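First the structure, in the form of structure tokens, and then the observations on it.
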Amino acid sequence: MTTAPPVPPPAAGVRATARIHAVADGRGGTALPLLAGEGPLALRRTRGREAEAGVVLVGAMSAPLGGDHLTVRATVGPAARLALTSAAATLALPGRAGEPARYDVELDLEDGAALRWLPEQLVSVRGSDLRVRTRVRLAPTARLLLREEQVLGRHGEQPGLLRSRLTVTRGGRPLLDQELACGPGAPGGWDGPAGLAGHRAVGQLLVVDPAFAEDPPPPAVLGECAVATPLAGPAVLVTALAGDALRLREVLDEACRAYHR
């Protein structure tokens, strides 16, 4: 008698991917031949600005929980323009067994493409463990506006463990590779004077524009806890700290008006 091999237990957590492909429609606008969401990642088309197509990421269920692996993957073809946002803040929630969750964002922009990636805040809830990885690949003539906002805990609550990495290449060459870890279990000093210094919200705004090659923005201090840093390419990175999500958004909105053309 032969014995059937044991059936492996199902993987814990939800696996879901949202896929977006934007292309120029030949009439001065942008078409979306691919717009597909799974599980908690639902996609809705909205009205964009001028030649831009708009897409909103709608959370169809509570996620990411511990053990989940969510992926947002967007490709913007030559001369296409896409605005990608989310309908509400994302809550990183603890799972039953304490396992980490993963949230990956993959953005590819071809020649002449433009993308505005402006999601709502990511809130690190007490007891959660989330690893966020954003990878952006830009053609030399592509333009990008990218905002990230992270809030440490809900009101009156301690945060979970949040590890976030942003990697950007332009024309196949590194433009930015930055990593942040905060919350219980992060390397020591994350909340000290050289880190978040007691602030509850941290964010950044990245603007990549080929026009900066001729007219690069200078380094600047933008208020008490925000700075603008030109990168080794036609790009500027604004990094900001704030006491809460509202003030952080105000600072980054001001920076967007200053640097995004």
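The shown structure was predicted, so the numbers you read here are calculated from the model rather than taken from an experiment. Note: hydrogens, waters and symmetry copies are ignored here, and every other heavy atom, side chains too, is used.
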Worksheet entry | Donor-acceptor contact below 3.5 Å, side chain R143 vs main chain D209 | no
Discussion item. According to a hydrophobic-cluster definition based on side-chain heavy atoms being under 4.5 Å apart (Ile, Leu, Val, Met, Phe, Trp, Tyr only), do W117 and L205 belong together?
Written reply: no
Worksheet item: If we only count heavy atoms from C-beta on, is the L130 to P100 side-chain gap below 4.5 Å?
Response: no
Fill in: From CA spacing to verdict: salt bridge (charged side-chain N to carboxylate O under 4.0 Å, His left out), R47, E52
CA-CA 8 Å; R47 186 185 300 272; E52 189 179 67; over 6 Å; no
Item to complete: Can you measure from OG1 (T71) to CD (E106) and round to the nearest 0.5 angstrom?
Response: 6.0 Å
Worksheet item: When hydrophobic residues are tied together by side-chain contacts of less than 4.5 Å, even through go-betweens, does L82 share a cluster with V207?
Response: no
Worksheet item: Do you reckon V208 sits in the same ILVMFWY cluster as L237, going by side-chain contacts under 4.5 Å, direct or chained?
Response: yes
Discussion item. Between C182 and L152, does the side-chain contact (heavy atoms from CB on, under 4.5 Å) criterion hold? Intermediate values first, please.
Written reply: CA-CA 8 Å; C182 51; L152 304 184; 3.5 Å; yes
Item to complete: Over all heavy atoms of both residues, which pair between R147 and P119 is shortest? Give the atoms and the distance, please.
Response: NH2-O, 3.0 Å
Worksheet item: Would you call Y103 and V72 a side-chain contact if the rule is heavy atoms closer than 4.5 Å?
Response: yes
Worksheet item: Is V136 close to T167 at the side-chain level, that is, under 4.5 Å between some pair of heavy atoms?
Response: no
Fill in: CZ (R126) with more than 12 external heavy atoms under 6.0 Å
no
Worksheet item: Looking at side-chain heavy atoms only, is the closest gap between L180 and R163 below 4.5 Å?
Response: no
Worksheet entry | Passing option when E38 is tested against R19, R15, R73 for salt bridge (charged side-chain N to carboxylate O under 4.0 Å, His left out) | R19
Discussion item. Would a single hydrophobic cluster contain both L196 and V251, if residues Ile, Leu, Val, Met, Phe, Trp and Tyr are joined by side-chain heavy-atom contacts under 4.5 Å?
Written reply: no
Worksheet item: Counting only N and O atoms by type, is there a donor-acceptor contact under 3.5 Å from the side chain of D68 to the main-chain atoms of L65?
Response: yes
Fill in: Atom pair CZ/CZ of R116 and R81 - distance to nearest 0.5 Å
8.0 Å
Worksheet item: Does any N or O in the side chain of T30 come within less than 3.5 Å of the main-chain N or O of A51, such that one atom is a donor and the other an acceptor?
Response: yes
Worksheet item: How far apart are the closest heavy atoms of A142 and E110, and which atoms are they?
Response: CB-O, 3.7 Å
Discussion item. If hydrophobic clusters are built by linking Ile, Leu, Val, Met, Phe, Trp and Tyr wherever their side-chain heavy atoms come under 4.5 Å apart, do L115 and L43 end up in the same one?
Written reply: yes
Worksheet item: Looking only at side chains, do T141 and D111 share a donor and an acceptor under 3.5 Å apart?
Response: yes
Response to the item:
Minimal heavy-atom distance between A181 and P187, with the atoms involved, is CB-CD, 3.9 Å
Worksheet item: Under a 4.5 Å cut-off applied to non-hydrogen side-chain atoms, are V236 and T229 in contact?
Response: no
Worksheet entry | Spacing of L252 atom CG and E149 atom CD [to the nearest 0.5 Å] | 5.5 Å
Worksheet item: Please walk me through it: do L122 and V132 pass side-chain contact (heavy atoms from CB on, under 4.5 Å)?
Response: CA-CA 10 Å; L122 170 63; V132 181; 3.7 Å; yes
Worksheet item: Looking at residues at least two apart in the chain, or sitting in another chain, which of them share a salt bridge (Lys or Arg N to Asp or Glu O under 4.0 Å) with E179?
Response: none
Practice prompt. Starting from the C-alpha separation in whole Å, work towards a yes-or-no answer on side-chain contact (heavy atoms from CB on, under 4.5 Å) for L138 and L144.
Written response: CA-CA 8 Å; L138 302 170; L144 173 71; 4.1 Å; yes
Discussion item. If the test is side chain to side chain contact (heavy atoms under 4.5 Å, CB included), which one of L146, V105, D177 qualifies with L166?
Written reply: L146
Discussion item. Could you report the tightest heavy-atom contact between A211 and R261, atom names first, then the distance?
Written reply: CB-NH1, 3.8 Å
Fill in: Reported CG-to-CG distance for the pair L84 and L57, which is rounded to 0.5 angstrom
7.0 Å
Fill in: From CZ (R170) to CG (L231), nearest 0.5 Å
11.0 Å
Discussion item. If you define the side chain from C-beta out and look only at heavy atoms, does anything of P94 sit under 4.5 Å from S128?
Written reply: yes
Worksheet item: Once you round to the nearest 0.5 Å, how far does NE2 of H260 lie from CG of L118?
Response: 8.0 Å
Item to complete: Could you note down all residue pairs passing side chain to side chain donor-acceptor pair (under 3.5 Å) where residues 183-206 supplies at least one of them, sequence neighbours left out?
Response: E148-Q204, Q178-Q204
Fill in: V123 side chain near T90 side chain, heavy-atom distance below 4.5 Å
no
Fill in: Non-hydrogen side-chain atoms of L41 and L70 separated by less than 4.5 Å
yes
Worksheet, complete the sentence: Correct closest heavy-atom pair for A201 and A245 would be CB-N, 4.1 Å
Worksheet item: So, for A235 and L206, which heavy atoms are closest and what is the spacing to 0.1 Å?
Response: CB-CD1, 4.4 Å
Discussion item. Walk me through whether R45 and L35 qualify under side-chain contact (heavy atoms from CB on, under 4.5 Å).
Written reply: CA-CA 8 Å; R45 177 158 189 172; L35 191 65; 4.2 Å; yes
